[in-house]
Protein chains: 4
Amino acid sequence: MKTKKVAIVGASGYSGEELVKLLLSHPHAELVAVTSRQNAGQTLAQVFPKFASHPKSKGLRFVDPNAELLAKQADVVFLALPHGVAAEYAVPLMAAGCVVIDLSADFRLKSADRYKEFYGHDHPAPELLKKSVYGLPEIYRDEIKSSLLIASPGCYPTSILLPTIPLLSAGLVKSQGIIADSLSGVTGAGRKAETDYLFCECNESVRPYGVPKHRHLSEIEEQLSLAAGAPVVIQFTPHLIPVNRGILSTLYLEPAKPFTSAEAMAALAEKISQCYAAAYAHEPFVRLLEGKSLPDTKNVVGTNVCEIAWRLDARTGRLIVMSAEDNLVKGASGQAVQSLNLLSGWPETDGLV
Amino acid sequence: MKTKKVAIVGASGYSGEELVKLLLSHPHAELVAVTSRQNAGQTLAQVFPKFASHPKSKGLRFVDPNAELLAKQADVVFLALPHGVAAEYAVPLMAAGCVVIDLSADFRLKSADRYKEFYGHDHPAPELLKKSVYGLPEIYRDEIKSSLLIASPGCYPTSILLPTIPLLSAGLVKSQGIIADSLSGVTGAGRKAETDYLFCECNESVRPYGVPKHRHLSEIEEQLSLAAGAPVVIQFTPHLIPVNRGILSTLYLEPAKPFTSAEAMAALAEKISQCYAAAYAHEPFVRLLEGKSLPDTKNVVGTNVCEIAWRLDARTGRLIVMSAEDNLVKGASGQAVQSLNLLSGWPETDGLV
Amino acid sequence: MKTKKVAIVGASGYSGEELVKLLLSHPHAELVAVTSRQNAGQTLAQVFPKFASHPKSKGLRFVDPNAELLAKQADVVFLALPHGVAAEYAVPLMAAGCVVIDLSADFRLKSADRYKEFYGHDHPAPELLKKSVYGLPEIYRDEIKSSLLIASPGCYPTSILLPTIPLLSAGLVKSQGIIADSLSGVTGAGRKAETDYLFCECNESVRPYGVPKHRHLSEIEEQLSLAAGAPVVIQFTPHLIPVNRGILSTLYLEPAKPFTSAEAMAALAEKISQCYAAAYAHEPFVRLLEGKSLPDTKNVVGTNVCEIAWRLDARTGRLIVMSAEDNLVKGASGQAVQSLNLLSGWPETDGLV
Amino acid sequence: MKTKKVAIVGASGYSGEELVKLLLSHPHAELVAVTSRQNAGQTLAQVFPKFASHPKSKGLRFVDPNAELLAKQADVVFLALPHGVAAEYAVPLMAAGCVVIDLSADFRLKSADRYKEFYGHDHPAPELLKKSVYGLPEIYRDEIKSSLLIASPGCYPTSILLPTIPLLSAGLVKSQGIIADSLSGVTGAGRKAETDYLFCECNESVRPYGVPKHRHLSEIEEQLSLAAGAPVVIQFTPHLIPVNRGILSTLYLEPAKPFTSAEAMAALAEKISQCYAAAYAHEPFVRLLEGKSLPDTKNVVGTNVCEIAWRLDARTGRLIVMSAEDNLVKGASGQAVQSLNLLSGWPETDGLV
């Protein structure tokens, strides 16, 4: 199988580090460059001792990011940068013929206005918004295969969109009144030296944040609106919990047709079951839980899998859907590699199981 | 001030242990007996080395629970026992003239049928249900003062009822459609040697459980219904998170009158603010957060305080209320001591700050 | 009992915060001022929401540190500052007649040269070194009572000195070859926004640091030398472990007279037992463990107690002593309050149990 | 490359689970059977949901252990059983022609008497002790290649032997007076439903245990004695720390020839450096840290690598060596797979990077 040369811009953060790990072990990708302003000049092994023993890590040394140079070295460039900064690299890299897989929020929205509303500044490259594909393979597999600019989804959005889109698309749940209550590990905050994320401030602590208008709402609602065929506005409350990795989302949905009998409830359950099976039974990275099982982040951490379980509540008439994923893998770097596999024509699971 | 002799039945679990701690340091209570079948014969210091240095712990030794003997020794007996078992002790203790403060679920409901529905067996002492008072001091202060049987509330219910009751009572929110999404530390599961609660099964893990019909719904809904003056059915999803102590509840409520303008929203915000101030501004154990602050369990752990913050969401029209408490203190033993203070005529905060 | 007015310079770090907690609840101390450059202007409750519900916290607002003003307000001033900085405040405060209890390393050593060797800069106020008393109450109780400048011991030193000094003083162990292997919670690193202490860098991680010459060796060896009556050089290896609080030290000592029979070993054990009992049986804040018990930080966290257990090893001839303390209480702020009690003529345990 | 059929007896504990993970992903091993008395009848995916998405997990279902059946199915059988029990399976499996890789302590010692001293019962199959090879590939690579019974080392022993054996073999350190102070994650205690290992008993806790005579001393001392060519008795203190995985060992060694000058110290440092380089520079699973780096369990967790760093202390004359490993990988299952690779003629790193 043809190999590809890949580079990572911004490889010293948590998702950058996870990308390094995945790409070093990928059977067809050759990691040729890693950049980091603060670590430029150091070897990969100096910054991340755990990679020192990996045979493919030997020659790798962090360099300052330089789009021109990167474009000469790599076929595909991953951007693991803050929003706003990613676009600065995407433009010249694409101009030079590289495929770009962006892990930031810069190309996830179709509307530059919505970007400005949620991110607080003008979009740095609005002309690219129509070229980008939202890199959620279970929904946009075909588009990803032929795209030159992949906007890899956010961690919270992945955990919310995967369980919700099939139900909305099938018309099984109302598009209004959706609530997503999410819990995230601390890597989600990035490797930032801020007091709020010190060990002693997060350990033995649980707290909501970003209430009620978190930035990820922009892409969640855009994607849900596409699925529903109508504008969707949801409630979303993120919480920080003391684990390194993992997102658990609990979703509260209302059946499109309220059930009023045990029979109707059973019939709806059957439809939901079939809807999910049709969407995901053959997906390698979505696990539909059965029986009494409920999602648990410890069962997905370190994997590219999103677990989903659901319950109908006879007392309230609601549908509760719960999902779990590793925010750095299916919620970031693993999903980005999944897109790499798709656009490279490699088996979708290569390097991910 | 007159002192009282107190005893704890079931003092070897987490809430029992916390009760021991609080009562050893209480200025007017004298802890005269602690029972535990499994630890009978051992000194308090042998079972809990941390109490060994407390001057008042010296003579205390665990004994087998015996209602007759306890009734002779103590004025007030705390029951920190599993539901179903607590009632077995409450009956003879009350008959012998003791005041009983029960931390189990046995006397929290007014309806024996509802008890059976949620707890799976006939109520063991239905005749006592009309004598018991639900021991939430902020709501039932006067009743507690003159009661002989206090049913101390559950941990989840406390975190949900305190933020919700004033709003329902004031008619500011709809009584239907309420959702409570709660996160609890692992002491909530008790000191049970079960694989599910081993360190390695809980650490680096987050998971929902008891979906969709957790037992605590019974008392939550009974109390909310009383506040609303109409039957209330809510959605409640508990999650287990890797901290020792602490409950964080996020509540999704709908304003009774939807707001349709910024002015209406501001007016509603003012009403909510006044409602909470009227209910809790002078309460020593409820903290209304101001400004940008949101609840964080680390700010309440080890205290008898419940923190509350709220936000109106202009996009969804919903009211989001968040609360934090220590499940073993305000959610269990601290609240029980608060009731002890009330019924003993002592200052309500004695032994609790 | 006569009250005293106390102030804390540097009250926004972890030991400063713990001091605030202890002093707010102290029966005879009145906390009149808290300083913090970064939080000046904010109320205590804004910076530490958990103190908001404490009745005595109401009027307190962080101010910029100003020795002249503090001297007018307070009888006793606690310095919870970095080494080098503490001395800058101690000099004018003492000149103005305040008693100073310093939690930094600035006045712990008797030798300015040794200070320079370990702290890398000239001592800022060498003339005060002979006035200061090493604030370890179990060893220097009488000196503390009449001192105007208390150098409160470091966290690691407390956990090592308490178990070792009685043995050395009694000549039961050799003064050479001592090894102290210590494990500390992350509050020991202070509330510093550094990447190394982020949640995700400390959680699921254990690591040694400062090997082989940690600064705390200077005071440990000075005190052990005084106890032994001869120069003592020890091996000390600190490790960072993922807990908020707690230090566990394991000490490897050699009996002064090697035992060569079971009888000799039993005789030595008896002597050690008597030595510790003589030193600590009546100490309120040292707990000598009995039977099979070994120290566990969870049994001392939140208390001013240091737990000690020991074992003779028939196979190696060594004495292993293990101690546990809360680094922020007995290892810092609790011990400082213990000194406050002593020099104020209050019962030594007031405000500490 | 020729594949082999492998089975795991006792696959429901932590090391069994890790073996399943490694063997499912191994390029040449085919996992044909997993046994567990308690889970017999359940699919692998039911017991461990995280394996459900692995393509090779499909047909696997836990069965009751039956040596006769296993011998027909598998070429190599891993025993992840308690000591004493493992031997019961090893005997019939070997008789039936299987290669056995035992993760228990049953075949690690050459002396049945020593086994009885440390494990408290007669050795169940003493005749096999001379056939077994101690499965530490860095030391016994050639013997492992041709062995039919591999006694895979314990987790603590691996972390102590790898750093110590080369120094003892080279005569650089004294064989007497060695101290090993070790810290282990809680998976080391196994998946046992005991109160001591509950989340709330381990979280925010650090404690020594098994002082002074832990069972692992038997194999550590046997191997060190072989390296030193003389009987070695060491001091070993294990501690339990609140992480899932990882062992950090700090070793205190005395140079064979004490150094008395900076030059002598530098010369010794050079010899130690060369000794370690000769032993491990080409070992894929030993990482010699350079510069200021010290071991950190987070850099080895999830890998088969043991990190080693060392320091000479000019003040005490001692050599401090520190090592870190994942107790479940290099300390158990990874090392066992490393042996499988060796005895199968496969590249030693297959399935392990």
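Chain identifiers are assigned alphabetically (A, B, ...) following the order of the sequence lines, protein sequences preceding nucleic acid strands; residue numbering begins at 1 within each chain.
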Just do the salt bridge (charged side-chain N to carboxylate O under 4.0 Å, His left out) check on A:Glu307 and B:Arg207 with the steps written out, would you? CA-CA 11 Å; A:Glu307 279 191 348; B:Arg207 53 189 199 254; over 6 Å; no

Does the side-chain contact (heavy atoms from CB on, under 4.5 Å) test come out yes or no for B:Asp296 and A:Val206, once each step is laid out? CA-CA 6 Å; B:Asp296 185 331; A:Val206 199; 5.9 Å; no

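Side chains of B:Glu204 and A:Val301 form no contact here, defined as non-hydrogen atoms less than 4.5 Å apart. Using a 4.5 Å heavy-atom threshold, the side chains of B:Val243 and A:Pro242 count as touching.
Around atom CD of A:Gln176, more than 12 heavy atoms belonging to other residues, nucleotides or ligands sit under 6.0 Å away. Heavy atoms from other residues, nucleotides or ligands lying under 6.0 Å from NZ of B:Lys110 number more than 12. No more than 12 heavy-atom neighbours from other residues, nucleotides or ligands sit within 6.0 angstrom of NZ on B:Lys271. Annotation for A:Glu290: atom CD does not count as buried by contact number, only 12 or fewer foreign heavy atoms lying within 6.0 Å. Within 6.0 Å of atom NZ in A:Lys257, 12 or fewer heavy atoms from other residues, nucleotides or ligands are found, so the atom counts as exposed in its surroundings.
Minimum heavy-atom separation, A:Leu294 to B:Pro208: CD1-O, 3.6 Å. Shown here for A:Ile234 and B:Arg315, the closest heavy-atom pair between the two residues is O-NH1, 3.6 Å.
Ranked by non-hydrogen atom pairs under 4.5 Å with chain A, the options B:Leu312, B:Val300, B:Leu248 are led by B:Leu248. For chain B, the option among A:Asn203, A:Leu183, A:Leu217 with the highest count of heavy-atom pairs below 4.5 Å is A:Leu183.
Heavy-atom distances place no part of A:Leu240 under 4.5 Å from chain B, backbone and side chain included. If you measure heavy-atom distances from A:Arg311 to chain B, the contacts under 4.5 Å come from the side chain alone. Using a 4.5 Å cut-off between heavy atoms, B:Lys213 contacts chain A through its side chain alone, with no backbone atom that close. In this structure, no portion of B:Ile247 lies under 4.5 Å from any heavy atom of chain A. When heavy atoms are compared at a cutoff of 4.5 Å, B:Glu254 does not approach chain A at all.
Checked by atom type and distance alone, the side chain of B:Arg318 never pairs as donor or acceptor with a backbone atom of A:Ile179 at under 3.5 Å. Between the side chain of A:Lys298 and the backbone N or O of B:Glu201 there is at least one donor-acceptor pair closer than 3.5 Å.
Distance CD1/B:Ile178 to OG1/A:Thr316: 12.0 Å, rounded to 0.5 Å.
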